[in-house]
Amino acid sequence: MNVAGAPKKPAAAHLANGNKSKLSKAQIEAMQEAEEAIKPANDNIVRPTWLDATGRKMWEAIADELYDLDLITNVDTYALAIACDAYSKYVKASASIKKDGLVLEHKNSIGAVNKVANPNVAIAQKYATQFKSFCSEFGLSPAARARLAKPKEVNEDDEDDDLD
């Protein structure tokens with residue numbers, strides 16, 4: 001049973017977690033059929049042209065893997081592109097931090113020199129968080145993969161014996 005506001009779990013997640021929600025075999029099969037009926041196609045996964053070189057490199061590193069795992073569809077391409085773009089911006093901000101340091105000297109209006117935090121630290125943190133969020137959606141970390149794990153077959157103990 002879902003708590004109000006909690007995201008619904010796909011049938012595979014119910015099974016992967018040992019069917020703690022106690023769904024019957026028929027309910028799980030119905031969920032699987034409904035999920036399959038609304039699953040978008042994956043026949044037109046094309047990298048957007050607006051990604052820069054770093055973003056394109058990240059796309060090439062992960063898109064084929066996601067396709068092979070059936071974790072990307074046509075409608076997911078822009079979410080993946082945004083993740084790759086966030087990664088690119090993180091890399092640029094990190095390069096600036098490496099070059100200029102964590103603290104910068106700033107001359108104020110009266111000529112005094114003050115030390116201020118490099119704004120690229122906040123920028124890098126923002127894009128790292130954004131990239132991590134998208135990675136979680138696509139199962140690109142061990143914890144995210146564990147949440148997306150699909151069992152190969154249903155455990156007999158988890159099935160509702162009344163429906164056999």
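Note that the numbering runs from 1 along the sequence shown for the chain.
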Taking all non-hydrogen atoms of both residues, which atom of Ala83 and which atom of Phe134 are closest, and how far apart?
CB-CB, 3.4 Å
Hey, any chance Trp59 and Leu66 share a hydrophobic cluster, counting ILVMFWY side chains that come within less than 4.5 Å of each other, even indirectly?
yes
Rounding to 0.5 Å, atoms CD (Gln130) and CD1 (Ile82) come to a distance of 7.0 Å
Same hydrophobic cluster for Leu140 and Ile45, using side-chain heavy-atom links shorter than 4.5 Å among ILVMFWY?
yes
Tell me whether Ser136 contacts the main-chain N or O of Lys132 through its side chain, where contact means a donor paired with an acceptor under 3.5 Å.
no
Would you please classify the geometry between the Trp50 ring and the Tyr78 ring as parallel, tilted or perpendicular, with 30° and 60° separating the classes?
parallel
Do any N or O atoms from the side chain of Asn42 and from the backbone of Asn74 form a donor-acceptor pair under 3.5 angstrom?
no
Is the backbone N or O of Thr129 less than 3.5 Å from a side-chain atom of Ser133, with the two atoms forming a donor-acceptor pair by type?
no
Over 12 non-hydrogen atoms of neighbours within 6.0 angstrom of CD in Glu60:
yes
In this structure, are over 12 heavy atoms from other groups packed under 6.0 Å from Tyr90 atom OH?
no
Glu29 atom CD: more than 12 heavy-atom contacts under 6.0 Å
yes
Asp76 side chain vs Thr73 backbone, donor-acceptor pair below 3.5 Å
yes
Any idea which heavy atoms bring Gly55 and Ser88 closest together, and the distance?
N-CB, 3.8 Å
Rounded to the nearest 0.5 Å, what's the gap from CZ on Phe131 to SG on Cys84? Could you check?
6.5 Å
Using the salt bridge (charged side-chain N to carboxylate O under 4.0 Å, His left out) rule, collect all pairs that involve residues 83-92, keeping only residues at least two apart or in two chains.
Asp52-Lys92, Asp85-Lys89
Tell me, do Ile62 and Phe138 make a side-chain contact under 4.5 Å, heavy atoms counted?
no
Are Met58 and Leu71 grouped together when hydrophobic residues (ILVMFWY) are joined by side-chain heavy atoms under 4.5 angstrom apart?
yes
In residues 95-104, what donor-acceptor pairs under 3.5 Å come from side-chain atoms, sequence neighbours left out?
| residue | atom | partner | partner atom | Å |
| --- | --- | --- | --- | --- |
| Ser96 | OG | Asp100 | OD2 | 3.4 |
| Ser96 | OG | Asn120 | ND2 | 2.8 |

Rounded at 0.5 Å granularity, tell me how far CZ in Arg56 sits from CZ in Arg47.
5.5 Å
Is there a path of hydrophobic side-chain contacts, each under 4.5 Å between heavy atoms of I, L, V, M, F, W or Y residues, that connects Val91 with Ile123?
yes
